[in-house]
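One structure is given below, encoded as structure tokens.
Both counts, for ligands and for their atoms, begin at 1 and track the order of listing. Predicted model only: the values in this text are computed from it and were never measured.
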Amino acid sequence: MTGLQAIRADLLDFTAEPAWGDATDAAAGVRWRPDHWLLVGADGRIAGVQREDPGPGVQRHDQRGRLLLPGFIDTHVHSPQVPVLASYGTALLDWLDTYTFPSETAWADPAVAQRGTALFLDALLAHGTTAAVVFPTVHKGSAAALFEGATARGMRVIGGKVLMDRHAPEGLRDTVAEAERDCIDLIARWHGRGRCSYALTVRFAPTSTPAQLAMAGALCRADPSLYMQTHVAENRDEVRWVAELFPQARSYLAVYDDAGLLHPRSVLAHGIWLDADDRARLAATGAHVAHCPTSNLFLGSGLYGWRAASAAGHATSLASDVGGGTSLSLLRNAAAAYTVQALQGERLTAWRALHTATRGAAQALQLGHEIGALEPGLVADFTLWDWTAGPLDAERQRVARGLHEKVFAWMTLADERHLAATWVAGRALYTRRSTA
Ligand code: GUN
Ligand code: ZN
């Protein structure tokens, strides 16, 4: 044996961003390699892709008839919010006060954070997500739990302790000095260790004082390899509140810009209520928006202007935003993203959606050299999917003409029940029980 493994399946990934609205089978950037072998080295990286059987010296996994994709990258998700999934009857600010903040206080206990993080990371894998940009809670131990849990699984994560020093309940607030100390400690311990990166994690402008935003901006300036994540312009009441709290800022986004928080490793969730100047600033700084369609629909926040974002030249990635979002599945979120565009008279192709959930996200996160595609040298993070999981989608697939129609119907109808296996760094970490 050579230490090589080989997986035989239908390989789909992307070499470039497919053009908006191009639903043809020959769309540029789509790489379709049916019935190929993905070779995985003992180092957990992709060693090659070939049509020929690699022979008996290689450990072979025959997954013929299954779809093999790069692992999904969820660019905005909250590890402690599984308990608030599907909470009834509120929009953003009430939802935070009624459900989310009270629930997050439980993570002050490191044992609770560790248990919740394990459940969360295993659930990501069971939904086909191999990399994530994560909000834990304000508690230092919640960030440590995230990095420890990801390291134990070999998963790529970006995260950091949440910064919030005002407008939050007792037990969920830090101070500038305490937060700075915790960030510095966590950065020293985790940033760049294995597959972990640290993100200065500003919850959103209303829950940080100007002094705390300035502290986060200074840490970003001191080390440009750090990420920054936050929420922006999600909900109209929130936007009005930010205008009251920061009367000198030109816009909500400008609050972050003025604090030095926009740079090529900045991930801003939602970005629904942005204007043309904001979009131009995102493009100029290299920051990007994590689009969270199931969250935006569920909380009634609004419709993301993906086409305008694209025209302005900033990237968009795809995210679940659980627990505001209703599913960790980026397939369900892709289907919701299609709906959000349709409500605005736009059409999101399967190519653009799946590119965004894989290579597009990797590039927006400056991680294109590590994840997002099925290319030699990249880490072998990938997923194996069934095309169908019952008679209805089987019938839909039977009549589908052409590749885009087939993949679009799959993307729209499939979910975690279609997932057969999730591999991380060359190891199958999740295998559906019935096919094990
Ligand atoms: N804005 C501030 N905090 C949150 C959160 O936890 N979820 C969402 N969707 N928006 C937020
Ligand atoms: Zn969020």
Check your understanding: Can you find a pair of side-chain heavy atoms, one from L67 and one from W387, that are under 4.5 Å apart?
Key -> yes
Exercise for review: Tell me which protein heavy atom sits closest to atom 10 (N) of ligand 1, plus the residue, atom name and distance to 0.1 Å.
Suggested key: E234 OE1, 2.7 Å
Check your understanding: Which protein non-hydrogen atom lies closest to atom 7 (N) of ligand 1, naming both residue and atom, and how far is it?
Key -> W95 CZ3, 3.4 Å
Check your understanding: Got more than 12 heavy atoms from elsewhere within 6.0 Å of CZ, R236?
Key -> no
Check your understanding: For residues Y256 and T230, is any side-chain donor paired with an opposing acceptor at under 3.5 Å?
Key -> yes
Check your understanding: Can T316 and Y304 be counted as having a side-chain donor-acceptor contact under 3.5 angstrom?
Key -> yes
Check your understanding: Taking only residues two or more places apart in sequence or in another chain, which ones pass salt bridge (Lys or Arg N to Asp or Glu O under 4.0 Å) with E148?
Key -> none
[X] N/O under 3.5 Å from ligand 1 N/O:
{"X": "Q81", "answer": "yes"}
{"X": "R203", "answer": "yes"}
{"X": "E104", "answer": "no"}
{"X": "D321", "answer": "yes"}

Point to revise | Protein N/O/S atoms closer than 2.8 Å to the Zn ion (ligand 2) | key: H76 NE2, H78 NE2, H231 NE2, D321 OD1
Exercise for review: Could you establish whether H270 and ligand 1 come within less than 4.0 Å of each other, counting only heavy atoms on the residue side?
Suggested key: yes
Practice item. Decide whether the shortest distance between a heavy atom of F135 and an atom of ligand 1 is less than 4.0 Å. Key: no
Can you classify the ring geometry of [X] versus [Y] as parallel (below 30°), tilted (30 to 60°) or perpendicular (above 60°)?
{"X": "W410", "Y": "W385", "result": "perpendicular"}
{"X": "H76", "Y": "H231", "result": "perpendicular"}
{"X": "W190", "Y": "F147", "result": "parallel"}

Review point. Can you list every pair that meets side-chain hydrogen bond (donor to acceptor under 3.5 Å, both in side chains) and has a residue in residues 354-367, with sequence neighbours left out?
Key: R359-E375
Practice item. Would you list the pairs meeting salt bridge (Lys or Arg N to Asp or Glu O under 4.0 Å) in which at least one residue belongs to residues 316-342, sequence neighbours left out? Key: R332-D415, R332-E416
